[in-house]
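So the structure is just underneath, and the comments pick up after that.
Keep in mind that what you see is a predicted model, and the values were worked out from it rather than measured. Every number for a ligand or one of its atoms is a count from 1 in the order of the listing.
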Amino acid sequence: MNAGMSEAAGLADYHVHTRRCGHATGKTAEYVQKARHKGLREIGFTDHIPQYFLPEKVRDSSLAMGEGELGAYVAEVLALGAGCGDITVKLGIEADYSPGHEGALKAILEGYPFDYVLGSVHYINGWGFDNPVHIDGYAGKDIDALYGVYFELVQRMAASGLFDVVAHPDLVKKFGYRPHGDVVPLYKRTVRSIAAADMAVEVNTAGLRQPAREIYPAPAFLAICFEYGVPVVLGSDAHRPDDVGRDFEAVAALLRRVGYRETASFEGRRRSLTPLP
Ligand code: ZN
Ligand code: FE
Ligand code: FE
Ligand code: ZN
């Protein structure tokens, strides 16, 4: 193993952003360089899709790339991939699920040769609950009820059939607000819908860098995924080159503990399985 290689060697990072979203830093080539340095097998770019679900006037260029940038994003990632022999670069997108806008999303996704589509719930009834700017929205909320609403959106997202992977499946825990009741029945219902949609879930290390201090999803959720045969991909949710492949040793250990021996890979929206290194 080369100096600089890590226990992340041989893994794939399927959740990486670019500067186009307005809140990430560094050049795309630097993200690839970091992935190469860590010995990753693949890096998949998944920048935030334009906010197709919002009226044009209120779209926020600090949260997602603009409508006009999607073509350039795709071209840039494809060119980057074509120039790399030693590491595979995949073209993904992180797409918000917004009920009622499925048709608009479908039209956007059909326009580009994505390898895979991450599905994310970042909004609950228009509230950007994972945005630190709107953290005051948690005040006075019944957190158990909030978890119910959040996971119901994840179930509807799965049922839409538009996505390949559930990104950060329990993002609702991001700021450390935890329910009091037993969430296992809610997890089971959710995972059943994910399995029925033949989707994978993302095991995302960004939760370790947030007040939740825990990988997304929680170990109990992941164990249910394994039980239902739901495949996994790994993601750092890097918004700077340094975070590519971050804490992947911890994820690999968690996956093995739960029972996983393979991770999913995607090409042209077709899934295959690769043994864990
Ligand atoms: Zn982001
Ligand atoms: Fe996200
Ligand atoms: Fe992301
Ligand atoms: Zn994300």
Tell me whether His15 has at least one N, O or S atom under 2.8 Å from the Fe ion (ligand 2).
no
Any salt bridge between Arg189 and Glu152, counting N to O under 4.0 Å?
no
Provide the atom name of the closest N, O or S atom of His168 relative to the Fe ion (ligand 2).
NE2
Carboxylate-amine/guanidinium contact Glu30 Lys34, below 4.0 Å
no
If you check every N/O/S atom of Asp237, which is the one nearest the Fe ion (ligand 3)?
OD1
Is Arg178 salt-bridged to Glu214, going by a charged N under 4.0 Å from an acidic O?
yes
Which label fits His168 and His15: parallel for a plane angle under 30°, tilted from 30 to 60°, or perpendicular past 60°?
tilted
If the Zn ion (ligand 1) is the vertex, what is the angle to NE2 of His239 and NE2 of His48, rounded to 10 degrees?
130°
If I take the Fe ion (ligand 3) as the centre, what angle separates the NE2 atom of His17 from the OE1 atom of Glu94? Nearest 10 degrees is fine.
100°
Given the rule in the ring pair (Phe, Tyr, Trp, His ring centres under 6.0 Å) test, do Tyr97 and Phe53 qualify, once you have shown the distances and angles that lead to the verdict?
CA-CA 9 Å; Tyr97 174 61; Phe53 51 93; 9.8 Å; no
